[in-house]
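Inspection log for the structure reproduced underneath, given as structure tokens.
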Amino acid sequence: MPTQHTYVLVHGAWHDGRVWSRVAALLTAGGHRVLTPSLTGHGDKAPLLGPGVGLTTHVDDVVGLVLDQDLSDVVLVGHSYAGMVVSGVANRIPDRVSRLVYLDAMVPVHGENAIDVMPVTQVMIDAVAATPEPWRIPPLPELPAPFGLFGVTDPDDIAWLKAMLTDESVLCFQQPVELDDPAQALIPRTHILCVGDEPAGVTRRPVPRTQPNGEPSRVHELRSGHDCMITNPGELADLLLRND
């Protein structure tokens, strides 16, 4: 009988848990348990957004879910900004996580924040500095083809995604991640990179040749835009089901 896994899929900035619906359906159909929480400030928790919501808040969200549900051997997947989140979660509860998956994600080291990992983030913070609410960053705008909205170009999908997107707190990008528990370095990691058309100014930090546990890095490429869970759910699900 095939091994059944527990997946916790963590969305990136501005999105909410619904963004995973197509991938979650495929994994669930395979008999796996899938949880797709919305982080504080998004989805059903959108009213909770405020200047005090930060990376630590989002780490607490996921840690709380794992402990409340008494989950173990979790495949913890972080998309984009949520690479910061899942890293912090792994540091807090390393015994609950069997594998980390960084999906086109920020990959920090101890003490870094999102600006350190992706300096273009500071541009977004500077853009709202003189506004009445300088702690609130609106979602990135839709760009002309082939970039679309987070790499989504189908008109129906764009409309669905726009209805989901909400503002992000500046503190999410400013708070540093804590990676000071040696146990988190032992967790196997997989990197999935979305490759294709990227807007100017967006650069990705190269994946190190070796994982923190000393094993060779596991890197897969997916020909898609950034929000591959919308545009390429089948291919993404297949990669998540691979144990490498």
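All values reported here derive from a predicted model rather than from experimental measurement.
One distance of note links CG of Asn232 with CD1 of Ile192; it measures 11.5 Å at 0.5 Å rounding. For the atom pair NE2 (His110) and CD (Glu178), the distance works out to 7.0 Å, reported to the nearest 0.5 Å. Put simply, CE on Met106 and CD1 on Ile115 are 9.0 Å apart, with the number rounded to the nearest 0.5 Å. Leu71 contributes atom CG, which lies 6.0 Å from atom OG1 of Thr6 (distance to the nearest 0.5 angstrom). For the atom pair CG of Leu26 and CG of Leu236, the computed distance is 9.0 Å after rounding to the nearest 0.5 Å. Taking CZ from Arg136 and CG from Asp167, the interatomic distance works out to 5.0 Å, rounded to the nearest 0.5 Å.
Judged purely by atom type and a 3.5 angstrom limit, Arg99 has no side-chain atom pairing as donor or acceptor with the backbone of Val75. The backbone N or O of Val74 lies less than 3.5 Å from a partner atom in the side chain of Ser98, making a donor-acceptor pair. Between the side chain of Gln122 and the backbone N or O of Pro119 there is no donor-acceptor pair closer than 3.5 Å. Glu168 contributes a side-chain N or O that, together with a main-chain N or O of Trp14, makes up a donor-acceptor pair within less than 3.5 Å. Side-chain atoms of Gln211 do not come within 3.5 Å of backbone N or O of Ser217 as any donor-acceptor pair.
Hydrophobic clustering of Ile, Leu, Val, Met, Phe, Trp and Tyr side chains at less than 4.5 Å, counting indirect connections, unites Val120 with Leu55. In the hydrophobic cluster analysis, where Ile, Leu, Val, Met, Phe, Trp and Tyr join through side-chain heavy atoms closer than 4.5 angstrom, Leu241 is grouped together with Leu100. At a threshold of 4.5 Å between side-chain heavy atoms, the hydrophobic network of Ile, Leu, Val, Met, Phe, Trp and Tyr places Ile93 and Val101 in one connected group. With hydrophobic clusters built from ILVMFWY side chains whose heavy atoms lie under 4.5 angstrom apart, Met229 shares a cluster with Leu140. Under the 4.5 Å side-chain heavy-atom criterion for grouping Ile, Leu, Val, Met, Phe, Trp and Tyr, Val128 is not connected to Leu171 through any hydrophobic cluster.
A 4.5 Å side-chain heavy-atom check between Trp20 and Leu35 finds every atom pair outside the cut-off. Contact of the Arg96 side chain with the Leu67 side chain is registered, since non-hydrogen atoms from C-beta on lie closer than 4.5 Å. Under the 4.5 Å side-chain criterion, counting only non-hydrogen atoms from C-beta, Thr153 is not in contact with Pro146. The shortest distance between side-chain heavy atoms of Lys45 and Asp61 falls below 4.5 Å. Looking only at side-chain heavy atoms (C-beta outward), His79 and Val19 stay at 4.5 Å or farther from each other. Two residues are said to be in side-chain contact when any heavy atoms from C-beta on lie closer than 4.5 Å; Val170 and Pro134 fail this criterion. Between Cys228 and Glu235 there is no side-chain heavy-atom pair separated by less than 4.5 Å. When side chains are defined from C-beta on, Val53 counts as touching His58, because their heavy atoms get closer than 4.5 Å.
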- Using the side-chain contact (heavy atoms from CB on, under 4.5 Å) rule, take Trp160 and Asp154 through it: C-alpha gap first, then chi angles, then the decisive distance, then the call. CA-CA 10 Å; Trp160 178 63; Asp154 178 84; over 6 Å; no
- Item | Evaluation steps, side-chain contact (heavy atoms from CB on, under 4.5 Å), between Phe150 and Thr231 | CA-CA 10 Å; Phe150 294 99; Thr231 60; over 6 Å; no
- Task: Could you walk me through whether Val77 and Val86 pass the side-chain contact (heavy atoms from CB on, under 4.5 Å) test, one step at a time?
- Result: CA-CA 7 Å; Val77 182; Val86 299; over 6 Å; no
- Evaluate the side-chain contact (heavy atoms from CB on, under 4.5 Å) criterion for residues Val117 and Phe173: first the C-alpha distance (whole Å), next the side-chain angles of each, then the deciding distance (0.1 Å), finally the verdict. CA-CA 10 Å; Val117 179; Phe173 302 130; over 6 Å; no
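Side-chain atoms of Tyr81 and Thr121 form no donor-acceptor pair, as typed in the model, at a separation below 3.5 Å. Under the 3.5 Å distance criterion, with hydrogens and angles disregarded, a donor-acceptor pair is assigned to the side chains of His226 and Ser80.
Nearest heavy atom pair, residue Gly111 against residue Asp116, reads O-OD2, 4.2 Å. The shortest non-hydrogen separation linking Pro94 to Asn91 is CD-O, 3.6 Å. Across every non-hydrogen atom of Ser38 and Asp44, the tightest pair is CB-OD1, 3.8 Å. Nearest heavy-atom pair across Arg22 and Asp157 is NH2-OD1, 2.7 Å. Shown here for Gly83 and Pro108, the closest heavy-atom pair between the two residues is O-CD, 4.1 Å. Taking each heavy atom of Gln184 and Leu179 in turn, the nearest pair found is NE2-O, 3.5 Å.
Judged as a salt bridge (charged side-chain N to carboxylate O under 4.0 Å, His left out), and not counting sequence neighbours, Glu221 has no contacts. Here Asp16 pairs with Arg18 under the salt bridge (charged side-chain N to carboxylate O under 4.0 Å, His left out) rule; sequence neighbours left out.
Between Arg92 and Asp181, none of the side-chain N atoms (NZ, or NE/NH1/NH2) sits under 4.0 Å from a carboxylate O, so this pair counts as no salt bridge.
Through chains of ILVMFWY side-chain contacts below 4.5 Å, Leu193 is grouped with Val195, Val207, Val219.
Of the candidates Thr56, Val62, Thr57, Val63, Val63 is the only one forming a side chain to side chain contact (heavy atoms under 4.5 Å, CB included) with Val59.
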